[in-house]
Chemist: 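Have a look at this one.
One is the number of the first residue; the rest follow in order along the sequence. Values below: every heavy atom of this structure, side chains too, minus hydrogens, waters and symmetry copies.
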Amino acid sequence: MQNFFLILAVFGLVLAISFFTRKSVNRNSAFFLGAFYIIFSIYTFQTYIIESGLLLKFRWFYVWPLPIYNLIAVPIFFYFVSLIKDDFVWRWRYLILFAPFIIGFIDVLNVYSKPQEVYDTIINNANLKPGERLAVQYGIFNINQHYAMRFLWQFLSLLSLLPLMINFIRNLYKEKDRKLIFWTISLFVLFLIMSLLATMFAFEKLLKVNFLGSTGPILRAVNFVFYVVLFAIGIIPIYFPSILQGYPRTKKNKSAIDPSLKKDEDFKFGLDVDALDEKLKELQKEGLFLNKDFDLTQCAKAMEIPPHHLSYFLNQHHGHSFSAYRNKVRIDNAKALINLGYLDRNTMEALAQQCGFANRSSFSKTFKKVTTLNVTEFSSNSR
């Protein structure tokens, strides 16, 4: 079980770095999701240290992360807000989300302001009696109270988003964007379950009641569900890499959320269409599509987006796979050269190589497929 938390910590760190460095995506959503996975990574790594009995070797890795953990509701809430609205505008009412962080910060300062022996006692007791470490009083609250507060804040903040989320899903359903629907609902429900279970555990200890069934198979079942949810939150980006790394709504298409915008604008999700189209035009002007070895990976690198994003973009906004789009560009170039009399001075093989094809045969087949005419027919018609 200890290695389970270590794996989750590594996953969280890798995902966070990926979100912070990703380009051509909804930067707000990517940042907030990355911030959540940073907190997630720190939390699971500290859990690994405690569960593995390594706390005495990592004495410094205790107490100070408490305010960070208490921030967990903030990036989750802001992620869904920026995803739903395709934008993020600060509202002063959002300050209420930071209440657990402020209280945690005060309590941590209180611990560090005391003599070193106090900190050492906290560490030693947590190592010798890990089951009792949640009852340790830091200042205003003990650890269990902080634990209950942070997850209660997360649960309530998610509930506050429910009306917006329902409307958001309805609009997605109209657009038949099943992948984004499934991703959004899955992540939202997982966060709800995680916060609900954690809050119930904490309040069971605070109120000293047994509504979860603190012993026996019920507790084991609840623990199992909690760990499954935690694991799912850690690995779900592997199953939804394209959703996590992009597909924000374009700025011209927000009417489904904002009624003040034009009613006839489509509710679409995609990468920054205008910017990517400009990059495609630049690549075409540079003649990169006419290089024989110019493939999806090279094109994606030149456009600074992942290959699967480029495939998605070309399919959704141009109706072509990458190879079909590349062939269209090459054939358009061939048609332009033919109209300028290129074949009057050069061979068909030379034209094929000039347009990025390996040989005359593949050029002829592609030309016929794209234009419905063979090269000779097109050349005759162009005269």
Side-chain angles (χ1 to χ4, degrees), residues 14-15 17-27 30 177-180 183 237-250 268-340 342-343 346-375 378-379:
V14 171
L15 290 170
I17 293 173
S18 175
F19 299 139
F20 291 146
T21 57
R22 193 63 57 181
K23 297 182 179 180
S24 299
V25 299
N26 187 322
R27 301 307 295 269
D177 196 336
R178 293 185 179 88
K179 183 176 286 189
L180 187 55
W183 155 252
I238 297 175
Y239 189 73
F240 291 100
S242 57
I243 295 299
L244 283 173
Q245 296 176 3
Y247 305 169
R249 225 168 321 138
T250 57
K268 292 183 179 178
F269 285 77
L271 297 166
D272 191 335
V273 177
D274 294 336
L276 292 181
D277 275 334
E278 285 299 318
K279 288 184 178 180
L280 275 178
K281 291 177 182 178
E282 290 176 8
L283 297 185
Q284 292 177 37
K285 288 180 182 179
E286 293 172 7
L288 294 183
F289 281 93
L290 306 182
N291 296 337
K292 291 181 181 179
D293 299 326
F294 191 66
D295 57 13
L296 176 66
T297 302
Q298 292 183 13
C299 186
K301 184 177 181 180
M303 296 181 67
E304 298 182 316
I305 59 174
H308 59 272
H309 277 196
L310 178 57
S311 294
Y312 175 90
F313 169 72
L314 291 175
N315 273 293
Q316 292 295 315
H317 298 282
H318 291 276
H320 295 296
S321 64
F322 172 78
S323 59
Y325 184 86
R326 180 183 58 190
N327 285 339
K328 181 180 180 301
V329 173
R330 290 176 173 180
I331 296 304
D332 285 345
N333 186 72
K335 289 161 62 178
L337 289 175
I338 292 172
N339 288 332
L340 291 173
Y342 185 89
L343 288 178
N346 300 276
T347 65
M348 188 82 73
E349 288 81 0
L351 178 60
Q353 292 183 6
Q354 181 71 22
C355 295
F357 291 94
N359 51 60
R360 173 176 176 171
S361 176
S362 61
F363 169 65
S364 298
K365 289 179 181 178
T366 304
F367 193 96
K368 180 70 178 287
K369 183 178 180 180
V370 173
T371 66
T372 70
L373 298 173
N374 61 43
V375 180
F378 180 86
S379 180

Chemist: Using a 3.5 Å distance criterion without hydrogens, assess whether the side chain of Ser364 forms a donor-acceptor pair with backbone atoms of Arg360.
Modeler: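 Between the backbone of Arg360 and the side chain of Ser364 there is a qualifying donor-acceptor contact (under 3.5 Å).
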Chemist: According to side-chain hydrogen bond (donor to acceptor under 3.5 Å, both in side chains), who are the partners of Ser323, at least two apart in sequence or on a separate chain?
Modeler: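 Expected list: Ser321.
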Chemist: Sequence neighbours left out, what passes side-chain contact (heavy atoms from CB on, under 4.5 Å) with Lys328? Give chain and number order.
Modeler: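 Only His320, Asp332 meet the side-chain contact (heavy atoms from CB on, under 4.5 Å) criterion with Lys328.
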Chemist: Please report the shortest heavy-atom distance between Leu310 and Ala300, naming the atom on each side.
Modeler: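 Smallest interatomic distance, heavy atoms only, reads CD2-N, 3.7 Å.
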Chemist: Quick one: CG on Leu283 to CZ on Arg326, what's the gap to the nearest 0.5 Å?
Modeler: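 Nearest 0.5 Å value for the CG-CZ distance: 13.5 Å.
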Chemist: What is the minimum heavy-atom distance between Leu296 and Ser311, and which atoms define it?
Modeler: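 Smallest heavy-atom distance, with atoms named: CD2-OG, 3.5 Å.
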Chemist: Test side chain to side chain contact (heavy atoms under 4.5 Å, CB included) on Val375 and Leu343 and set out the steps.
Modeler: CA-CA 10 Å; Val375 180; Leu343 288 178; 3.8 Å; yes
Chemist: Main chain of Ala352, side chain of Arg330: is a donor-acceptor contact present, judged purely on distance under 3.5 Å?
Modeler: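 Absent.
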Chemist: First locate atom OH of Tyr325, then atom CG of Leu314, and finally report the distance between them rounded to the nearest 0.5 Å.
Modeler: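 Separation between the atoms: 7.0 Å.
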Chemist: Quick one, Phe378 with Asn339, criterion side chain to side chain contact (heavy atoms under 4.5 Å, CB included). Give me CA distance, side-chain angles, the key distance, then yes/no.
Modeler: CA-CA 9 Å; Phe378 180 86; Asn339 288 332; 3.9 Å; yes
Chemist: Rounded to the nearest 0.5 Å, what's the gap from CG on Asn359 to NZ on Lys365? Could you check?
Modeler: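 These two atoms lie 8.5 Å from each other.
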Chemist: In the structure I gave you, are the side-chain heavy atoms of Phe367 and Lys335 within less than 4.5 Å of one another anywhere?
Modeler: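 Phe367 reaches Lys335 side chain to side chain.
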Chemist: Take Leu280 and Met303 through the side chain to side chain contact (heavy atoms under 4.5 Å, CB included) test and state the conclusion after the steps.
Modeler: CA-CA 8 Å; Leu280 275 178; Met303 296 181 67; 3.8 Å; yes
Chemist: Search all heavy atoms of His318 against all heavy atoms of Asp277 and return the closest pair with its distance.
Modeler: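 Residues His318 and Asp277, closest heavy atoms: NE2-OD1, 2.8 Å.
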Chemist: Tell me the closest heavy-atom pair linking Leu337 and Gln354, and the distance in Å.
Modeler: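 Reported closest heavy-atom pair: CD1-CG, 3.7 Å.
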Chemist: For a quick test of reading the model, state the closest non-hydrogen atom pair linking Asn333 to Cys355 and the distance between them.
Modeler: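 Shortest heavy-atom contact: ND2-SG, 3.5 Å.
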Chemist: For side chain to side chain contact (heavy atoms under 4.5 Å, CB included), just list the numbers for Asn327 and Phe357, CA-CA rounded to whole Å, side-chain angles, deciding distance to a tenth of an Å, and then say yes or no.
Modeler: CA-CA 9 Å; Asn327 285 339; Phe357 291 94; 4.0 Å; yes
Chemist: Say you draw a straight line from CD of Gln298 to CG of Asn291; how long is it, rounded to the nearest 0.5 Å?
Modeler: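 Here the interatomic distance stands at 7.5 Å.
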Chemist: About how many Å separate CD of Glu282 and CD of Glu286, when rounded to the nearest 0.5 Å?
Modeler: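 The distance works out to 6.5 Å.
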Chemist: Using 30° and 60° as the class boundaries, would you call the ring planes of Phe289 and Phe294 parallel, tilted or perpendicular?
Modeler: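 Rings of Phe289 and Phe294: perpendicular, as their planes differ by over 60°.
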